[in-house]
Amino acid sequence: MENHLTEFKMIQSVVLDDANDTLIILDQTLLPNEKVYLHLKEMKDIWDAIYKLKVRGAPAIGIAAAYGLYLGTKASQADTYAELQKDFAEVKTYLASSRPTAVNLFWALNRMEDRFVQAAGKPLAEVKDALRQESERIREEDEQVCESIGKHALSLLKENSGILTHCNAGTIATAKYGTALAPIYLGQEQGYNFKVYADETRPLLQGARLTAWELKEAGVDVTLICDNMSSIVMKEGKIQAVLVGCDRVAANGDTANKIGTSGVAILAKHYGIPFYVCSPLSTIDLECKTGDDIHIELRPDEEVTSQWYEKRMAPEDVQVYNPAFDVTDHSLITAIVTQNGIAYAPFEESLPKMFAQK
Ligand SMILES: CSC[C@@H](O)[C@@H](O)C(=O)COP(=O)(O)O
């Protein structure tokens, strides 16, 4: 296929080892210093891996949850479909409680449930195998989705552009290629000569630890900046486009992504720089009318005060507020790039059309 990113050796962050009833994930909390693959069999370990961001990024969370639901159901000793359904529902509810904001988690679990229901009446081994197939399909489709997003997003970018990105929406956050980083990889193959600025992304440093690492591994020209430096690089004319991923897009285009994204969007508007959201359709939640309907995850204080420091970097007992995501108002978004094309305002009209297209 033209523009296929075959040359690029992408790291697989989520893999099913069916023969050993194991979910293998690249532990993203240890990057960039150590590349450790975790072999997870227990549901509590899979839950923990999602909660602690060992596997992270909306599409990768969905894939891990689908594999987890398959493995949890496969392990059931149930003799009847009704009993298996009870076990399936228990695992599904448990995995769904791991993180609230990325809709891909719920989207993938619901897809698995649809498949489970379709397989009713078949021998239980076949029901389980249908779940295996569905979870593999979710992973495979994500790869194609990311590649298509990359092609559409690249059509919006000019050669020699400076591109700012926030958090990590790269290959390790997805099955392959990433969403916001896919056009950068594709552009690199085609000689676009992009210069990427990666926000470090406090408090968990996905930009510093993950985006800077994966772009550097791929030979992309990347410069790491602190979150509070995005204004100066925009003002200095270093940025021609902002590209970010997302965790949930509401029907009106309001978009939840990593905390700090909305500030970047406000700055981009001020400096007249286009702000693009790269979103698989699985991240668009038309049931949320606006961003106000999106559940924003609150995370532990330690992530802000101590997790990445040798010594605690805040007074003991200081009050901490640590929302993991914020919502970028649709009015700040130039376009939402999906695998089926590019949606522009009014998003209430353009987003449903993306679902209708092939
Ligand atoms: C393709 S990943 C898109 C988003 O999930 C990403 O930008 C993001 O905000 C991830 O947050 P995280 O808390 O690291 O899972």
Side-chain angles (χ1 to χ4, degrees), residues 10 13-14 25-29 31 49-65 98-108 139 142-143 145-150 153 164-185 198-211 213-215 227 242-249 255-265 275-285 294-300 303-304 307-308 322-328 333 336-339:
M10 294 285 182
S13 62
V14 195
I25 59 155
L26 174 63
D27 186 345
Q28 297 192 36
T29 62
L31 290 169
I50 297 173
Y51 175 69
K52 294 206 174 124
L53 278 64
K54 293 175 186 175
V55 57
R56 52 146 298 283
I61 291 172
I63 295 162
S98 54
R99 292 191 78 187
T101 305
V103 71
N104 302 62
L105 173 69
F106 310 95
W107 170 86
R139 195 198 64 75
D142 189 58
E143 213 173 295
V145 163
C146 289
E147 192 174 1
S148 297
I149 288 174
L164 185 119
T165 191
H166 190 76
C167 195
N168 173 268
T171 197
I172 55 176
T174 62
K176 224 182 200 182
Y177 311 129
T179 55
L181 299 193
I184 292 169
Y185 291 130
D199 280 349
E200 70 173 343
T201 317
R202 289 248 329 137
L204 294 185
L205 307 179
Q206 288 93 333
R209 296 185 305 102
L210 308 175
T211 298
W213 170 75
E214 80 163 73
L215 290 177
D227 294 334
V242 177
L243 284 174
V244 294
C246 50
D247 290 82
R248 198 183 289 237
V249 179
T255 292
N257 190 48
K258 180 52 53 192
I259 191 73
T261 304
S262 69
V264 175
F275 183 92
Y276 300 120
V277 171
C278 294
S279 176
L281 294 176
S282 54
T283 312
I284 298 173
D285 183 358
I294 300 176
H295 181 165
I296 299 295
E297 178 181 18
L298 291 180
R299 295 198 52 95
E303 290 183 351
V304 178
Q307 183 162 335
W308 304 99
N322 183 21
F325 301 94
D326 60 21
V327 173
T328 299
I333 298 172
I336 299 174
V337 184
T338 76
Q339 66 266 39

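Just so you know, ligand 1 is whichever comes first in the structure, and atom 1 is the first atom listed for that ligand. Keep in mind that what you see is a predicted model, and the values were worked out from it rather than measured.
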Residues passing the side-chain contact (heavy atoms from CB on, under 4.5 Å) test with Ile259, sequence neighbours excluded, are Pro203, Pro323, Asp326
Contacts of Ser98 meeting side-chain contact (heavy atoms from CB on, under 4.5 Å) (sequence neighbours excluded), chain-then-number -> Trp47, Ile50, Leu105
Walk me through whether Val244 and Lys258 qualify under side chain to side chain contact (heavy atoms under 4.5 Å, CB included). CA-CA 9 Å; Val244 294; Lys258 180 52 53 192; over 6 Å; no
Write none if no such pair exists; otherwise list each N/O atom of ligand 1 with its protein N/O partner under 3.5 Å and the distance.
residue: ligand 1; atom: 5 (O); partner: Ala58; partner atom: N; Å: 2.8
residue: ligand 1; atom: 5 (O); partner: Asp247; partner atom: OD1; Å: 3.3
residue: ligand 1; atom: 5 (O); partner: Asp247; partner atom: OD2; Å: 2.9
residue: ligand 1; atom: 7 (O); partner: Asn257; partner atom: OD1; Å: 2.6
residue: ligand 1; atom: 9 (O); partner: Asp247; partner atom: OD1; Å: 2.8
residue: ligand 1; atom: 9 (O); partner: Asn257; partner atom: OD1; Å: 3.0
residue: ligand 1; atom: 9 (O); partner: Lys258; partner atom: N; Å: 3.2
residue: ligand 1; atom: 13 (O); partner: Arg99; partner atom: NH1; Å: 3.3
residue: ligand 1; atom: 13 (O); partner: Arg99; partner atom: NH2; Å: 2.8
residue: ligand 1; atom: 13 (O); partner: Lys258; partner atom: NZ; Å: 2.7
residue: ligand 1; atom: 14 (O); partner: Arg56; partner atom: NE; Å: 2.5
residue: ligand 1; atom: 14 (O); partner: Arg56; partner atom: NH2; Å: 3.4
residue: ligand 1; atom: 14 (O); partner: Gln206; partner atom: NE2; Å: 2.8
residue: ligand 1; atom: 15 (O); partner: Gly57; partner atom: N; Å: 3.1
residue: ligand 1; atom: 15 (O); partner: Arg99; partner atom: NH1; Å: 2.9

**Prompt:** So, Asp199 and Thr201: side-chain donor and acceptor under 3.5 Å apart, yes or no?
**Reply:** no
Report task. Verify side chain to side chain contact (heavy atoms under 4.5 Å, CB included) between Asn168 and Trp213, making sure each step is shown before the conclusion. Result -> CA-CA 10 Å; Asn168 173 268; Trp213 170 75; over 6 Å; no
Residues passing the side-chain contact (heavy atoms from CB on, under 4.5 Å) test with Arg209, sequence neighbours excluded, are Pro32, Leu205, Trp308
